[in-house]
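All values below were derived from every heavy atom in this structure, side-chain atoms included, with hydrogens, water molecules and symmetry-related copies excluded. Both ligands and their constituent atoms are indexed starting at 1 by order of listing.
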Amino acid sequence: MEGKGRITEGMTRRGFVAAAAAASALAALGNAGCSPSQNSVVKKDHATPPDPTEGEWVTAACWHNCGGRCLNKALVKDGIIVRQKTDDTHEDSYEQFQQRACVRGRAQRNQVLSADRIRKPLKRAGWAPGGGAASNGQMRGKDEWEEIEWDEALSLIAQEFDRIKAAYGNKAFFINGSEAQQLMAAYGGFVNNWGTTSYGAFAYTPGICGFGGFNLSDNGNDRLDFKNCEVIVLIGSNPAWSSGGSPIYHALLCKEGGTKFVAFDPFYNESHSALEAEWIPTRPGTETALFLGIAHEMLRMDAEKKLIDWDFLNKYTIGFDAEHMPEGEDPQGNFKDYVLGTYDKTPKTPQWASVRCGVAPEKISAVAELIGKDTKAAVVGSYAAARNTHVDNWPQMLMTIGAMGGHYGKSGHMCGLTTNARAYNGGSTIFQAGSSGLKSIENPIKDEALCHVEMWRGILTGSYNYTGSSSSKRNPGVKKDIDIHVIWHGGGARLQTADDQVTGIKAHRKVDLVISNASFLTTNSKYADFILPVSTLWERDGGFLTGNREMLIMYSRVLDRYFETYSDQEIVMMLAPKLGIDPLTIYPIDEKQQFFNQAAGATMINDKGEKVPLISFTQAEIDALKVEGKPQDGFISFTEFKEKGVVSVKRKEGDAYTYYFGKDFIEDPVANPMTSESGLMEIYCRKLAASCKSFGFSSDVTPIPTYYTGPEGYPGTFAGGDIEAGKPSKYPFQLYNPHYLRRVHSVMDNVQWLREAWVNPVYLNAQDASAKQIKTGDTVKITSPYASCLRTACVTERLMPGVVGLPHGAWVDVDEATGIDKAGSDNYLYGCVVSGAGVSGWNSGICTFEKAAEELAPDIDRPLLVSYEENGDYAGKGM
Ligand SMILES: Nc1nc2c(c(=O)[nH]1)N[C@H]1C(S)=C(S)[C@@H](COP(=O)(O)OP(=O)(O)OC[C@H]3O[C@@H](n4cnc5c(=O)[nH]c(N)nc54)[C@H](O)[C@@H]3O)O[C@H]1N2
Ligand SMILES: Nc1nc2c(c(=O)[nH]1)N[C@H]1C(S)=C(S)[C@@H](COP(=O)(O)OP(=O)(O)OC[C@H]3O[C@@H](n4cnc5c(=O)[nH]c(N)nc54)[C@H](O)[C@@H]3O)O[C@H]1N2
Ligand SMILES: [Mo]
């Protein structure tokens, strides 16, 4: 059919790249396998550097969820991007640092203009409306694709929606993505989902037990104070890889100022090496045991060494000892007696802890001594240690250790989270964009919502555990029936990034219709029936991005519309009338006006601590934008902001932005209580145990942070989960997922520059690998209780024995003949293990591994999933 390119097998994007290049990439893998390769097959791209004075530098969005949101500029000449650069808007200094882009940001044009960017809607060839056999669901992920006109695609979708709504009602629609959800709310409602994604056990517990906000690094002081720490104890922290922007720079300044770093981590990572940290290998998900051991040692040594801040415990906490229990509770249930083993006859000694967490007993004692009340100490980390099942009390344990040392509310002392783009720089955001002016439409369906961990199982089996519709209103879990017929991925990467992907694929094959709004043949798209190609932020009118607290980015349009791609809002605007909905009820104002509203409403905290308007506008600027608005005064003119792309502040000691976590509470706990029932830090927290139980998943959380285990994680590596008996299970290794430099979650996995630079191996400990005669570069098959995948080994002393590190986010690539994934998709190896408050246990996996029979090609040589011939015809392959 005219204009309907069929997709052919085996087209490789790199067909035109010299074979020699492929050979050199292979050679690089052979000698490194772990580290960036030295050669570059993309040198061609830089052969004749363009003249940076020709063309226009435009601020280009770097919008991905590493959180960095750094300054990225594109040199546009005659509508073509010829070069990229980063922050040179001011001199880099300690007081005002530059917001510089990372490898991914600098490779962004290779994403936006990638050969596999989808240009026109695609329909799965074997799909037909009507549901059941007509949808031919088992072919999802295997079928061919055909190009289809927008109008035809949206009409087919609308007819199928109407059919399904009439037959099954709105509870048949499982919808992701904010714009798609807005449309579906207007259409009568949809089934939503919820989960703990990043935060793990920090998602629901800190507020209940009085650990302040959990939001991105709120527990750290601001960056100017970090360097006052004598000691920084890291618990799962790798800013060099996973904190976009400046955090590793702030950490380095601490090191240069003489701060000692100690790191509890299964991996000796790039940050540890940069900070010259003392690495203490620690098994994933075992921190509660480890810190019970540390608490034991602080208690044991206190009489002699004065480690515990008793005044702090007595004034600001409840439940530490029998004398400070909440009224009506059994005094024997206090924390101190649990640690000392007074009643359960099991003192939580360093030896007891060591068996569980793998840390040598003498290290446990040494760290206990290091974080006493008279040392300026930070005990901080990311959510990583909380992204485990059966650790719902880890945040409370961490809070307890901080309270024992009195490490809150003062200079050089802190305890809790310091993570993502705001790591090493706590405190509220200085710059904020205004509201777009859109009002959100409430979802009429309030009595259904599936937890990420079990949502695919729920859709597949038709039964799930309902726990309330919002995180603030969890109620006792009840089994409910559900009958989903439509999955619409209007954003996010759920099928790739949520738990239990094997079941997820089956659930996708079961329903009548799957739609994916996407720019590439992502995992969501691969198992869909319609792919609606979305524009990227480089092709939109502008917007704001924020990463660390000291800056705000305003990006602009870099490219015209790319082929036939549209924004998610535009897609909703086109689909709504076909469903009988007036699009103006959803978007009464257009995207240009939304942008202006955000700009005009943007604020900053000035040097006196007052919130003031950020951007000034003249009438001429407003007219040029073709929007409605009034002139206003602000800190920076719209034109200057647009040209620079970034605003930031110059910091100095003692300025209005100085921040110490918990200071207000410490100064006056009555006037500024914590969010717990008592207003204090609850080391004994009745509500925490009750709340975790009410989800209906498991009932092992106790009012004080005690040690308990689940079926996987470290105990799962032993037969019957019995660590002390020591007999290995079928899966004797712990499996966990470091966030990887090549990608932002699943984003950019298809960027060839990054594939070449970061090979995405599986990290294996040297002893473990040599016991199986595996060396770096060998292909390894990793098998979990759920499935297997292939990866190339990176054999290293940097990973502790017994642990396997599979980087997070590779797009699954299942060999349909064997069921084995060739891409190393993390969630292909995770199942449905639900515990406590529904935490996704990304670091709680178990596995075994062996040398694989087949040799895996480097990712750079795996074909891109979709490709267009030079003449613009569609010629990719379906899988
Ligand atoms: N096994 C395992 N799983 C994990 C983790 C782990 O460590 N291990 N980490 C977890 C964590 S911390 C997180 S935060 C989640 C992240 O989970 P997700 O948010 O699902 O992950 P991303 O890959 O960032 O997905 C964003 C998707 O949106 C697309 N996109 C970008 N812009 C637009 C747009 O304008 N419109 C549309 N329609 N799409 C757009 C991107 O191309 C990408 O496909 O993953 C979690 N999953
Ligand atoms: N390049 C890149 N940057 C990212 C992302 C990305 O995908 N890619 N994702 C972004 C997002 S949304 C998030 S939430 C953050 C995640 O950022 P992080 O939480 O910092 O990332 P991880 O790599 O999972 O873990 C950090 C360190 O903790 C260790 N670790 C893992 N599990 C445990 C554990 O149970 N105990 C202990 N003690 N250590 C453990 C790891 O070995 C690693 O060294 O990164 C953000 N930044
Ligand atoms: Mo995250």
**Item:** T522, any N or O under 3.5 Å of ligand 1 N or O
**Value:** no

**Asked** Can you tell me the protein heavy atom closest to atom 40 (C) of ligand 1 and the distance?
**Response** V534 CG2, 4.9 Å

**Request:** Looking only at protein heavy atoms, identify the closest one to atom 36 (N) of ligand 1 and say how far it is in Å.
**Result:** D568 OD2, 2.6 Å

**Asked** Any donor and acceptor pair, going by atom type alone, linking the side chain of S835 with main-chain N or O of H390 inside 3.5 Å?
**Response** yes

**Request:** May I ask whether G490 has any heavy atom positioned less than 4.0 angstrom from an atom of ligand 1?
**Result:** yes

**R540 near ligand 1 by a heavy-atom separation under 4.0 Å** = yes

**Asked** Between Y763 and F267, how do the two ring planes meet: parallel, tilted or perpendicular, split at 30° and 60°?
**Response** tilted

**Closest candidate by heavy atom, reference atom 3 (N) of ligand 2, pool F267, W241, Y383, W758** = W241

**Item:** contact_flag P266 ligand 2 heavy-atom lt 4.0 Å
**Value:** yes

**Item:** Backbone or side-chain N or O of A493 under 3.5 Å from ligand 1 N or O
**Value:** yes

**Request:** Looking only at protein heavy atoms, identify the closest one to atom 15 (C) of ligand 1 and say how far it is in Å.
**Result:** T197 CG2, 3.7 Å

**Message:** Could you check whether any heavy atom of W63 sits closer than 4.0 Å to an atom of ligand 1, since that is the contact criterion I want to use?
**Reply:** yes

**Message:** Students should be able to answer this: which protein heavy-atom is nearest to atom 13 (C) of ligand 1, and at what distance?
**Reply:** H745 CE1, 3.3 Å

**Complete:** The protein heavy atom nearest to atom 5 (C) of ligand 1 is H808 CE1, 3.2 Å

**Prompt:** Is there a donor-acceptor pair closer than 3.5 Å between any side-chain N or O of W538 and the backbone N or O of A60?
**Reply:** no

**Protein heavy atom at shortest distance from atom 47 (N) of ligand 1** = T497 O, 2.7 Å

**Request:** Starting from atom 14 (S) of ligand 1, find the nearest protein heavy-atom neighbour and note its residue, name and distance.
**Result:** S198 OG, 3.1 Å

**Message:** Strictly below 4.0 Å, N to O, side chains only: are R557 and E591 in salt-bridge contact?
**Reply:** no

**Asked** Heavy atom of T419 under 4.0 Å from ligand 2?
**Response** no

**Request:** Please work out which of G67, S242, S271 has its closest non-hydrogen atom nearest to atom 45 (O) of ligand 2.
**Result:** S242

**Message:** So, 4.0 Å and heavy atoms of G244: is ligand 2 close enough to count as a contact?
**Reply:** no

**Request:** Look only at interatomic distance and state if R387 has a nitrogen or oxygen under 3.5 Å from any nitrogen or oxygen of ligand 1.
**Result:** no

**Message:** Given R743, M748, R104, H739, identify the one with the heavy atom nearest to atom 8 (N) of ligand 2.
**Reply:** R743

**Item:** R791 bridged to D859 by N-O distance under 4.0 Å
**Value:** yes

**Request:** Ignoring angles and geometry beyond distance, decide whether N737 reaches within less than 3.5 Å of ligand 1 through its nitrogen or oxygen atoms.
**Result:** yes

**Complete:** The protein heavy atom nearest to atom 43 (C) of ligand 1 is V747 CG2, 3.5 Å

**Request:** Begin from the C-alpha positions of W394 and F291 and carry the test ring pair (Phe, Tyr, Trp, His ring centres under 6.0 Å) through to its verdict.
**Result:** CA-CA 9 Å; W394 161 237; F291 276 80; 5.4 Å; yes

**Item:** Region of N388 engaging ligand 2 - heavy atom pairs below 4.0 Å
**Value:** side chain

**Message:** Side chain, backbone, both or neither: which applies to N65 and ligand 1 if a contact is any heavy-atom pair less than 4.0 Å apart?
**Reply:** side chain

**Asked** Has G491 got any heavy atom lying under 4.0 angstrom from an atom of ligand 1?
**Response** yes

**Prompt:** Is a side-chain donor or acceptor of D499 paired with a backbone partner of C832 at a separation under 3.5 angstrom?
**Reply:** no

**Prompt:** What part of A421, side chain from CB on, backbone N/CA/C/O, both or neither, has a heavy atom under 4.0 Å from ligand 2?
**Reply:** neither

**S535, any N or O under 3.5 Å of ligand 1 N or O** = no

